[in-house]
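Every value quoted in this text rests on a predicted model; they were computed, and no experiment measured them. Keep in mind that the numbers below use all heavy atoms, side chains included, and drop hydrogens, waters and symmetry copies. All chains are named by letter (A, B, ...) in the order of the sequence lines, taking the proteins before the strands, and each is independently numbered beginning at 1.
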Number of protein chains: 2
Amino acid sequence: MGNLYLYWNLQVTGDRRKLPRPKVLEVRSVMLIGEVAKAAGMTPKTLRFYEEQGLLPPAQRGLNGYRQYGDDSVARLDFIARGRAAGLSVSQIRNILAVREPGNAPCAHVQDILAGQLAELDQKIAELTALRAGVAASYEAVAAGNPATCDQSRVCSYL
Amino acid sequence: MGNLYLYWNLQVTGDRRKLPRPKVLEVRSVMLIGEVAKAAGMTPKTLRFYEEQGLLPPAQRGLNGYRQYGDDSVARLDFIARGRAAGLSVSQIRNILAVREPGNAPCAHVQDILAGQLAELDQKIAELTALRAGVAASYEAVAAGNPATCDQSRVCSYL
DNA sequence: CTTGACCTTCCCCCACGGGGGAAGGTGCAG
DNA sequence: CTGCACCTTCCCCCGTGGGGGAAGGTCAAG
């Protein structure tokens, strides 16, 4: 966990003279990618991947080129994690986040996406249930049959 | 649809003189990869892929290098298609077929695999059902909420 | 003879969600 | 000074189930 000082901010904008020393004007904490990844239960690789995929805005860089993250990044990553745990794909999460960018709440959009997710889940559940019924029928047939009666010409007459 | 003649068989072993002409000693029908693929509702690419993956034995080759298939291949491909339709992975199907190779019926093995499939499907259905419940709860929260009350610091307070 | 429809091998490509590891820079401690 | 742990970019890899297309051989018909 590093610290970001006004020192740095003003160095960027030009004048650094007459400014208080570091440790005096601490502005906000800055985390390295590994720390923020750990805080979000992910790996640095995953964070770079999310940035590349547009789930995270291009991170601020320190003078050494290191990515700098604040607590808001952890919150955003938590949101992403919740979305993925909810079965949303990366692109769906990107859609939600993109809609929010301008500042307007994406609730309606989120609602649409969630409705789509519900329909998709119902579809998948129905497919798997039908598949399960078919597999169960095959299983019953195999369990009831005698291996000796297997039709050699069909590899397995029960499947 | 081509025809395989004794002619070819004996040409391979050497002496082809004194042999009956083709069309006389027809032995069995031989299909090209495209025909057999079409009969099985697949593409030639898929058949080569299955051969590479060990689902099909390395095909016999004609003198021109073309793969040669018989009706047994269609039956085997139908088995594979049934297995895939039943949700079996390529490697699971390979296991079943491998067990059958020596000649013993793999019914017990098939039964084990189907039992595993059932357990796996039940697991997946349970997961998706739980996920659906969570998504539905989020949906209800979003639908009941007022966008104006969105907590800007949390991206979307309902997810 | 030419054309078209087959076939062969070869290698690269898709989505998905990242992981592995190389080669090189950085920062702090001993 | 030398480790060590961290960071950077880069490119390739996993598994799943094939698809696309190039470059070249083969075969029958017109």
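Residue order along DNA chain C, read from the 5' end via each residue's closest nucleotide, puts A:S89 first among A:N64 and A:S89. Comparing B:K45 and B:F49 along DNA chain D, the residue whose closest nucleotide (by nearest heavy atom) sits nearer the 5' end is B:F49.
Taking 4.0 angstrom as the limit, A:R67 places none of its side-chain polar atoms (N or O) nearer than this to OP1 or OP2 of C:dT26. Residue A:T46 places at least one side-chain N or O closer than 4.0 Å to OP1 or OP2 of C:dG19. Contact annotation: B:R61 does not reach the phosphate of D:dG25 (side-chain N/O to OP1 or OP2, under 4.0 Å). Residue A:R84 places at least one side-chain N or O closer than 4.0 Å to OP1 or OP2 of C:dG17.
The distance from atom CE of B:M31 to atom C1' of C:dC6 is 14 Å, rounded to the nearest whole Å. Nucleotide C:dG17 holds its C1' atom 13 Å from the CZ atom of A:R94, rounded to whole Å. Residue B:L47 contributes atom CG, which lies 15 Å from atom C1' of C:dT8 at whole-angstrom precision. In this structure, CD of A:Q60 is placed 14 Å from P of D:dT8, rounded to the nearest angstrom. B:L55 places its CG atom 11 Å from the C1' atom of D:dG17, with the value rounded to the nearest Å. Going from atom CD1 of A:I33 over to atom P of D:dT9 covers 8 Å, rounded to whole Å. For the pair B:E51 CD and D:dG18 P, the interatomic distance rounds to 15 Å; values are reported in whole Å. With rounding to whole Å, B:L63 atom CG is found 17 Å from C:dC6 atom C1'.
Interatomic distance, A:R132 CZ to B:L118 CG, rounded to the nearest 0.5 Å: 5.0 Å. Atom CZ of A:R94 sits about 5.5 Å away from atom OG of A:S91, to the nearest 0.5 Å.
Nucleotides C:dC12 and D:dC13 are separated by 15 Å at their C1' atoms, to the nearest Å.
When each of A:Q60, A:M31, A:R61 is checked for a side-chain contact (heavy atoms from CB on, under 4.5 Å) with A:Q68, only A:Q60 meets the rule.
Contact annotation: side chain of B:Y66 to base of D:dG25, donor-acceptor pair present below 3.5 Å.
Looking at B:L56 and B:R48, their side chains never come closer than 4.5 Å, going by heavy atoms from C-beta outward.
For B:P44 against B:I33, the heavy-atom pair with the smallest separation is O-CD1, 3.6 Å.
Base engagement by A:R48 is indicated by at least one non-hydrogen atom pair under 4.0 Å involving a base atom.
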